[in-house]
Amino acid sequence: MSGTITYGNENEGPFYIQHIHRTGSFERTQHMHDMFELYYLYEGERMYFIRDRSYLILPGDLVLINQRDLHATSDSEKLGHARVVINFAESLIAPTVNEAPFLLQAFTHASPVLRLDLPARRAVEGILDKLLHEAKDEMLGQDFAIRHYLTELLLFTARFVQTQPVASPEHVSPLHRKISTIVRHINTYFDSPLRLEELAEHFDISPAYLSRMFKEITGFSFVEYLNIVRVQEAQRLLVTTKLKVIEVSELAGFGSLVQFGRVFRQLTGMTPLRYRQQAERLQH
DNA sequence: CACGTTAGTTACACTCACTG
DNA sequence: CAGTGAGTGTAACTAACGTG
């Protein structure tokens, strides 16, 4: 890895920026977190799976990922790429967003990928340069400057999606389209017992092939993905309702309370009740 | 206090998803 | 296609808490 600049903590934030230029192959990453993510590609090609489908990311693309949206990157056939990743917590810019709620609207836009024209690229790269410069060394007003340039970048994205209606890019291949359909199926029916074999039959594809392709395209295995979707629903129910843990477990599609507990702990590091209590404390 | 209810943990056996 | 291990269900236990 060369030319790496990092600032902040990738998982806790409140702000993290990383500039990477890689020539070789790149390990895949896949996760979900409470921060917003911005991804800008200078060179190369990447596959990016976001929420329920995959995108081929090309140079000059700016990718916007909302809080808690599942996402995964992997190499396309072409190896090597240069990119900037920014993660930031809502808390970092909360007062500003309060004043100007439209700043985050690009994150809920129909397509998470903004394909920038040349002037737009120059504008974004200029802001990124400033952010990278600020992140490099500690200096007077660093935090302020980072918030300032980040706000500038967000304003740019908000105006861009407002003025340039962005069409959703084509699916990379029919297989990608199919996996995307299956992912949406899982997102809809996660609360019922889902099995790979039945899913495969329903979508007319062999179970082994589905297992392989699902992992390759989404970055998650079938079971991993299903569990994440179920835990997300469980988290929502725990916070927004007063349902008992066993009821949450059933509504989220878990076969048993034991299994719910195991999976929940594995993904969140705490028990369901703890999660609810922690969320309650944060409310006040 | 004794009891019931709810939540969380562990052991063990099995099955099914993943992988080579 | 087949072997393997991760994931899952059942059962049995403990912990925490409220209630008569």
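Here is the naming used below: chain letters follow the sequence lines, and residue numbers restart at 1 for every chain. Quick note: numbers below take in every heavy atom, side chains included, and nothing from hydrogens, waters or symmetry partners.
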Quick one: label Pro207(A) by what it contacts on the DNA or RNA (base, sugar-phosphate, nothing), any heavy atom closer than 4.0 Å.
nothing
Nucleotide dC16(B), atom P - distance to CG of Leu210(A) in whole Å
16 Å
Provide, to the nearest angstrom, the distance between the CD atom belonging to Gln259(A) and the C1' atom belonging to dA6(C).
11 Å
Can a side chain N or O of Ser211(A) be found less than 4.0 Å away from OP1 or OP2 on dA17(B)?
no
Apply ring-ring contact (aromatic ring centres under 6.0 Å, His included) to the pair Phe15(A) and Phe88(A), showing each step before the final yes or no.
CA-CA 4 Å; Phe15(A) 182 84; Phe88(A) 65 95; 7.3 Å; no
Report yes if a donor N or O on one partner sits less than 3.5 Å from an acceptor N or O on the other, where the partners are the side chain of Arg212(A) and the base of dG20(B); otherwise report no.
yes
If I take atom CG in residue Leu257(A) and atom P in nucleotide dT5(B), what distance separates them, rounded to the nearest angstrom?
16 Å
Measure from the side chain of Arg195(A), starting at C-beta and using heavy atoms only, and say which of dC16(B), dC1(C), dT8(C) lies closest.
dC16(B)
Hey, does Gly261(A) reach any base, or is it just sugar-phosphate, or nothing, if we go heavy atoms under 4.0 Å?
nothing
Return whichever of Val258(A) or Val263(A) has its heavy-atom-nearest nucleotide of DNA chain C closer to the 5' end.
Val263(A)
Atom CG of Leu194(A) and atom C1' of dT8(C): how far apart are they, to the nearest Å?
15 Å
Among dC18(B), dT10(C), dT8(C), which is the nearest nucleotide to the side chain of Leu196(A)?
dC18(B)
Whether Glu43(A) and Arg83(A) form a salt bridge (side-chain N of Lys/Arg under 4.0 Å from carboxylate O of Asp/Glu) is what I want to check.
no
What is the distance, to the nearest angstrom, from the CZ atom on Phe214(A) to the P atom on dT19(B)?
13 Å
Hey, would you say the His185(A) and Phe203(A) ring centroids sit under 6.0 Å apart?
yes
What is the separation between atom CZ on Arg274(A) and atom C1' on dC17(C), rounded to the nearest whole Å?
15 Å
Spacing of Glu224(A) atom CD relative to dT19(B) atom C1', expressed in whole Å:
14 Å
When the distance from CZ of Phe222(A) to P of dG7(C) is rounded to whole Å, what number comes out?
13 Å
Side-chain donor or acceptor of Ser180(A) paired with backbone N/O of His176(A) under 3.5 Å
no
Respond yes when some side-chain nitrogen or oxygen of Ser221(A) is under 4.0 Å from OP1 or OP2 of dA17(B), and no when none is.
no
Is there a donor and acceptor pair, one atom on the side chain of Arg262(A) and one on the base of dG9(C), closer than 3.5 Å?
yes
Determine yes or no for a side-chain-to-main-chain donor-acceptor pair under 3.5 angstrom, with Arg51(A) supplying the side chain and His71(A) the backbone.
no
